[in-house]
Amino acid sequence: MSTRIPFVDYLVLDPQPHLVAAECTGCAARYFGRRNACARCSGTGFRSVDVASSGEVRAFTIVTFAAPGVPVPFVAAVVDCDGTSVRTNLTDVDASPEHVHLGMKVELTTTVVGTDDDGVEAVNYAFRPAGEH
Amino acid sequence: MAEDLWILGIHMTKFGKHPSADLVDLASEAALGALADGGVTMTQIGVLAAGNLLGGGGIGQLLQKQIGQTGIPVYNVANACATGATALRTVCLAIKAGEADLGLAVGVEKLSGAGLLGARPRKENTGTWTRSGRDGAVGTVDGRIGTETMAGVFAQVGMEYGHKYGGTSFELFARISEKNHAHSTLNPLAAYQKKMSLEQIMNDVMIAYPNTRPMCSANTDGAAAAVVISGSALARLSREQRRRAVKISASVLTSDPWSESCQILPDVNTLTRNAATQAYEAAGIGPDALDLVELHDCFATAELVHYDNLMLCEPGGAVDFFESGAPWRDGSMPVNVSGGLQSKGHPIAATGIANVWEVATHLRGEAGPRQIEGARVGLAHVIGLGSACGVHILERAVTG
């Protein structure tokens, strides 16, 4: 049986896939990825917080030209998850302007990126239209 | 009291493909052109700031070897798409500090054929997954967690504005591009001087919705340079030099302050609004006083948000501002009468000075068929992701 690892550090797979942010203990600003100090208040204390797994699309684009090796077209978006902005792809939706809209309700889902030589699956996150699955 | 700053001479090369000219050739053409325009020589220049982003470094000293090694301080600057404006600002700072009274700023880039900017392909893992970077990603993030291409980032910037205020559409963004391509037909230095219909623009190749190819800045080669002089030094020059000098009423550079969303999608709005606020205050004027604006339309979606950021309209009023016809060259607030980056071209490090050149040329009454009649005050804006925003406000000289 293969094991699974998250594609990025800020994705937690178990028991339910969700994103975690580093939240400044001084001003509550949230960040994905490693930080040395808070960009807002310069505080150096952080705690790990769970980010809401549903939200609404605040901005999107449909990318049809990308770097070699990046499959196109795909929908890139910024999703507002209860006040925390998340950069993501949208999945389970046609990559056309008729099927994606601003303000669309979406929820977190996971996709398998690939399997390495040891049989380890890398699992990434994406958002899909909410309530349709 | 701090010194007044003036542009004594300024020049830009034609933007486009220059296969037989290297970076130094283009920088030399612009620099020698600006010196000649100002009626001075390299031997009189006290400080040089040279901007280039993708060429490998040290452009200032390379330029000196071609046009004059006089031992003056040289600053090589790189600040994303605001590199040229940063070079100009660096010279302004040196003159304000009293370290020189005559300086030269140059920006140059070779970019034709560069393709899509911002995408950073990474060699995919072979063997076993290995974490890297500050996010601990085990593979290429671009395309898997949103997009890193400039076209995609700025598409989202425009869409976000539409989400916040409403009124935007694919067609609206395309009409902004239609305006700039129409303007370009009057600019012999633009890379593309081709009027395009709305249908042509909308039906062209989609790069990142809603930006089709003609709605994206053109990757071109080019250079621009400016000679800056202190007010007291200008007073010692000829009447003709003083007549053609253009006052730098404001020279401002900002970067992104913290905002929640800028951690995810670059916030091109706040730093631009901050730069504009500082510039209007320094110049002692409001946006109503402007006769023309050259702003950073790296994509059609970006031009819309900057109408708002530069306060050419009320907050949230960019769509109405465009619909009113104001930013057309015969409108109340002409924007990008050069054709903008979408048609003039965007040789990154040259752009900041080229935008200043466009405004200065109108203020001098030397813009030929595309002259905005009676132009007295203008604003030049550039933005670089990462982030940097340069705003310069220029005023026509009034000589007795």
Side-chain angles (χ1 to χ4, degrees), chain A residues 5-10 27 29-35 38-41 56-80 83-89 95-97 100-103 111 113-118 120-122 124-126, chain B residues 115-116 118-131 133-149 151-164 166 168 170 205-211 213 216 256-265 301:
Chain A
I5 60 165
F7 184 70
V8 285
D9 283 339
Y10 59 87
C27 73
R30 289 183 170 188
Y31 305 98
F32 293 111
R34 197 168 80 243
R35 294 285 165 145
C38 177
R40 184 190 201 184
C41 74
E56 87 172 31
V57 174
R58 203 180 71 221
F60 75 88
T61 182
I62 300 162
V63 177
T64 34
F65 270 79
V70 175
V72 289
F74 68 94
V75 183
V78 176
V79 174
D80 182 346
T84 301
S85 296
V86 178
R87 189 174 112 175
T88 188
N89 282 14
S96 70
V100 187
H101 61 270
L102 296 166
T111 61
V113 171
T115 306
D116 74 4
D117 290 352
D118 296 338
V120 177
E121 277 184 349
N124 192 18
Y125 73 93
Chain B
L116 198 65
R120 288 170 289 181
R122 171 179 151 181
K123 198 169 188 301
E124 283 290 5
N125 183 61
T126 53
T128 56
W129 300 117
T130 308
R131 297 200 174 280
R134 300 189 78 81
D135 293 335
V138 298
T140 304
V141 167
D142 178 37
R144 288 202 179 109
I145 301 178
T147 179
E148 292 176 353
T149 66
V153 168
F154 279 97
Q156 291 176 97
V157 164
M159 295 295 271
E160 185 180 42
Y161 189 90
H163 184 45
K164 194 170 176 187
T168 59
F170 174 32
V205 177
M206 183 61 76
I207 304 295
Y209 180 86
N211 287 318
R213 187 170 49 189
C216 300
D256 265 349
W258 183 92
S259 67
E260 190 281 324
S261 58
C262 84
Q263 310 301 322
I264 300 301
L265 181 67
T301 44

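First the proteins, then the strands, lettered A, B, ... as listed; each starts at 1.
Heavy-atom minimum distance, B:Met159 versus A:Leu102: O-CD1, 3.4 Å. For B:Thr147 against A:Thr61, the heavy-atom pair with the smallest separation is CG2-CG2, 4.1 Å. When all heavy atoms are compared, the tightest approach of A:Ala66 to B:Thr149 is CA-CG2, 4.4 Å. Of all heavy-atom pairs spanning B:Trp258 and A:Ala29, the tightest one is CZ2-CB, 3.4 Å. Pairing each heavy atom of B:Ser261 with each of A:Arg58, the nearest pair is CB-NH2, 3.2 Å. When all heavy atoms of A:Asp116 and B:Gly127 are compared, the pair lying nearest together is CB-O, 3.1 Å.
A distance of 13.0 Å separates OH in A:Tyr125 from CZ in B:Arg144, rounded to the nearest 0.5 Å. A:Asp80 contributes atom CG, which lies 7.0 Å from atom CD of B:Glu260 (distance to the nearest 0.5 angstrom). Residue A:Tyr10 holds its OH atom at 4.0 Å from CD1 of B:Ile145, rounded to the nearest 0.5 Å.
If you measure heavy-atom distances from A:Val70 to chain B, the contacts under 4.5 Å come from the side chain alone. Residue A:Val72 does not touch chain B at all, counting heavy-atom pairs closer than 4.5 Å. Both the backbone and the side chain of A:Phe60 come within less than 4.5 Å of a heavy atom in chain B. The parts of A:Pro6 that come within reach of chain B are both its backbone and its side chain, each placing non-hydrogen atoms under 4.5 angstrom from that chain. Contacts between A:Val57 and chain B at a heavy-atom distance below 4.5 Å involve the backbone alone (N, CA, C, O). Heavy atoms of A:Asn89 lying under 4.5 Å from chain B belong to its backbone as well as its side chain. Heavy-atom distances place no part of B:Val157 under 4.5 Å from chain A, backbone and side chain included. For chain B, the nearby parts of A:Phe7 are the backbone and the side chain; heavy atoms of each come within less than 4.5 Å.
With hydrogens and angles ignored, the 3.5 Å screen pairs no side-chain donor or acceptor of A:Arg87 with any backbone N or O of B:Ile264. Formation of a donor-acceptor pair under 3.5 Å by the A:Thr64 side chain with backbone atoms of B:Met206 is found in this model. Judged by distance alone, with hydrogens and angles left aside, the side-chain atoms of B:Trp129 form a donor-acceptor pair with the main-chain N or O of A:Val120 at under 3.5 Å.
Heavy atoms from other residues, nucleotides or ligands lying under 6.0 Å from CZ of A:Phe65 number 12 at most.
A:Val78 is listed as a side-chain neighbour of B:Gln156, based on a closest heavy-atom distance under 4.5 Å. Contact check for B:His163 versus A:Glu56: side-chain heavy atoms found under the 4.5 Å cut-off.
The greatest number of non-hydrogen atom pairs below 4.5 Å with chain B, out of A:Gly33, A:Ser85, A:Ala76, is found for A:Ser85. Ranked by heavy-atom pairs under 4.5 Å with chain B, the list A:Gly103, A:Pro97, A:Ala95, A:Pro71 is led by A:Pro97.
A donor-acceptor contact under 3.5 angstrom links the side chains of B:Gln263 and A:Arg35, judged on distance only.
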